[in-house]
Protein chains: 2
Amino acid sequence: MLGNAPPCPPERLEAHLRERGILPTRQRLRIARVLFAKPQHLSAEQVLALVNREAPPVSKATVYNTLGLFARKGLIREVIVDPSKVFYDPNTRPHHHFYNVDTGTLTDVDPEAVSLGRLPSPPEGTVTEGVDVIIRIRNG
Amino acid sequence: MLGNAPPCPPERLEAHLRERGILPTRQRLRIARVLFAKPQHLSAEQVLALVNREAPPVSKATVYNTLGLFARKGLIREVIVDPSKVFYDPNTRPHHHFYNVDTGTLTDVDPEAVSLGRLPSPPEGTVTEGVDVIIRIRNG
DNA sequence: GTCAGTGCAAACCCTTTGCAGAAAG
DNA sequence: CTTTCTGCAAAGGGTTTGCACTGAC
């Protein structure tokens with residue numbers, strides 16, 4: 001297995017949010033705790049369920065707003081592989097994904113295992129923001 | 001410019017559908033004609049609008065069903081880059097995309113310009129179905 | 001005549017928004 | 001005290017579904 005260390009230890013979460021200019025409220029910290037517990041890929045729905053395993057419940061709107069905020073501020077990365085939902089990845093370093101279309105599961109690709117040769121330069125007047133490589137797999 | 005030849009000439013469309021086991025009905029042919037007119041990336045909504053520039057109108061449900069059918073049968077490729085809509089690409093050969101997050105526009109990457117080095121082997125019990133490389137760009 | 005395809009409208013589901021109340025600084 | 005965040009419920013928007021009608025073979 002690779003990368004099983006939590007992307008951000010619980011005791012650093014508050015500082016981590018502040019560094020990015022995010023006010024660390026109760027709800028945001030609880031959401032961050034779930035996201036950064038370990039390397040994983042959660043949908044908004046899953047985050048909502050995990051956060052609300054303990055009372056008091058956090059509302060759906062707050063979870064969606066917070067995930068959007070974290071992504072905009074660069075704390076987490078949105079992974080778009082399924083038209084029906086977005087996944088959130090606490091690992092913001094460049095890396096790629098396997099997407100199992102049968103199970104709907106997202107897995108990190110060992111960065112060592114890919115050599116993503118030369119990239120094309122973006123069209124005139126645009127700049128590259130990021131590169132997503134998604135390897136679609138199915139149960140063989 | 002690259003790849004401006006229609007992916008499938010109009011007169012071959014009917015045969016093309018039959019080869020894939022798709023009954024070429026009036027509506028399906030009209031949808032295919034729009035998709036295969038030239039290399040492009042259309043959303044379901046755009047296909048609907050283009051098809052219905054001439055009467056009689058094709059219903060929304062038929063467009064969605066047909067696009068799903070074509071994709072399942074391998075005539076076109078679904079490109080998932082935006083959580084809010086799916087794009088359909090008549091070019092089913094392996095190739096990659098620029099996605100302009102400002103304009104929501106999808107562009108083909110010149111295949112010559114990318115060298116997609118070594119790919120990792122898929123996890124045990126799975127087979128690779130395809131690889132999507134999406135280069136997210138924004139207006140610089 | 002039988003089976004598949006089509007059209008319409010309603011249902012679905014993830015996500016976003018509006019607004020009043022609560023909490024942070 | 002001011003500004004920001006939260007919660008609720010309702011709205012939004014792309015996509016899917018149910019079912020009766022039509023058309024293909």
Side-chain angles (χ1 to χ4, degrees), chain A residues 13-15 17-35 41-52 54-73 75-76 78-88 101 104 106, chain B residues 13-15 17-18 20-35 41-52 54-73 75-76 78-88 99 101 104 106:
Chain A
L13 282 177
E14 188 168 336
L17 297 204
R18 283 198 197 283
E19 281 161 18
R20 305 283 182 133
I22 298 173
L23 197 58
T25 63
R26 252 192 272 322
Q27 292 85 339
R28 287 173 178 174
L29 281 170
R30 282 175 61 192
I31 292 167
R33 218 170 288 131
V34 164
L35 288 169
H41 308 87
L42 300 173
S43 64
E45 190 190 18
Q46 292 174 311
V47 172
L48 181 65
L50 287 170
V51 163
N52 287 340
E54 54 190 64
V58 176
S59 80
K60 189 182 267 196
T62 297
V63 169
Y64 276 100
N65 290 338
T66 301
L67 290 172
L69 177 68
F70 284 4
R72 260 197 325 283
K73 297 286 189 174
L75 266 92
I76 57 179
E78 281 184 334
V79 185
I80 298 158
V81 286
D82 182 328
S84 77
K85 59 172 165 284
V86 177
F87 287 98
Y88 294 90
V101 297
L106 205 55
Chain B
L13 281 177
E14 186 168 337
L17 297 203
R18 284 197 197 280
R20 306 283 183 133
I22 297 173
L23 198 58
T25 63
R26 250 190 275 315
Q27 292 85 339
R28 287 173 179 175
L29 282 170
R30 282 175 60 193
I31 293 167
R33 219 170 288 131
V34 163
L35 288 169
H41 307 88
L42 300 174
S43 65
E45 190 189 19
Q46 291 174 310
V47 172
L48 181 65
L50 286 170
V51 163
N52 286 340
E54 56 190 64
V58 176
S59 78
K60 187 181 269 198
T62 297
V63 169
Y64 276 99
N65 289 338
T66 301
L67 290 172
L69 177 68
F70 284 4
R72 249 186 348 276
K73 297 285 190 177
L75 266 92
I76 58 180
E78 281 183 332
V79 186
I80 298 159
V81 287
D82 183 328
S84 77
K85 58 171 165 283
V86 177
F87 287 98
Y88 294 90
Y99 181 58
V101 296
L106 205 54

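Lettering of chains follows the sequences in order, A, B, ..., and the numbering in each one begins at 1. Computed from a prediction, not measured in an experiment: that's the story for all the values here.
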Reckon [X] has a side-chain N or O less than 4.0 Å from the OP1 or OP2 of [N]?
X: B:Tyr64; N: D:dT15; value: yes
X: A:Ser59; N: D:dG7; value: yes
X: B:Arg28; N: C:dG5; value: yes
X: A:Gln27; N: C:dA23; value: no
X: A:Ser84; N: C:dC14; value: no

Flag side-chain contact, heavy atom, 4.5 Å: [X] against [Y]:
X: B:Leu67; Y: B:Tyr88; result: yes
X: B:Val34; Y: B:Gln46; result: no
X: A:Phe87; Y: A:Leu42; result: no

Nucleotide of [options] approaching [X] most closely (side-chain heavy atoms):
X: A:Thr25; options: D:dT6, C:dT6, C:dC14; value: D:dT6
X: A:Thr66; options: D:dG7, D:dC5, D:dT6; value: D:dT6
X: A:Glu45; options: C:dT17, D:dG14, C:dC14; value: C:dC14
X: A:Ala61; options: C:dC14, C:dT17, D:dA24; value: C:dT17
X: B:Arg18; options: D:dC25, C:dG7, C:dA24; value: D:dC25
X: B:Lys85; options: D:dT4, D:dT15, C:dT15; value: D:dT15
X: B:Arg26; options: D:dG23, D:dC25, C:dT15; value: D:dG23

Rounded to whole angstroms, how far apart are [atom1] on [X] and [atom2] on [N]?
X: A:Asp82; N: D:dT16; atom1: CG; atom2: P; answer: 11 Å
X: B:Arg72; N: D:dT16; atom1: CZ; atom2: P; answer: 10 Å
X: A:Leu67; N: D:dC5; atom1: CG; atom2: C1'; answer: 15 Å
X: B:Ile80; N: D:dT15; atom1: CD1; atom2: C1'; answer: 13 Å
X: A:Lys60; N: D:dT6; atom1: NZ; atom2: P; answer: 18 Å

Within the side chain of A:Thr62, is there an N or O that forms a donor-acceptor pair under 3.5 Å with the backbone of A:Val58?
no

Mind checking if B:Pro57 touches a base, just sugar-phosphate, or nothing, with heavy atoms under 4.0 Å?
sugar-phosphate

Identify the heavy atoms of A:Arg30 and A:Pro56 that sit nearest to each other, and give their distance.
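Distance-wise, the nearest heavy atoms are NH1-O, 2.7 Å.
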
A:Ile22 vs B:Asn65, nearer the 5' end of DNA chain D by closest nucleotide
A:Ile22

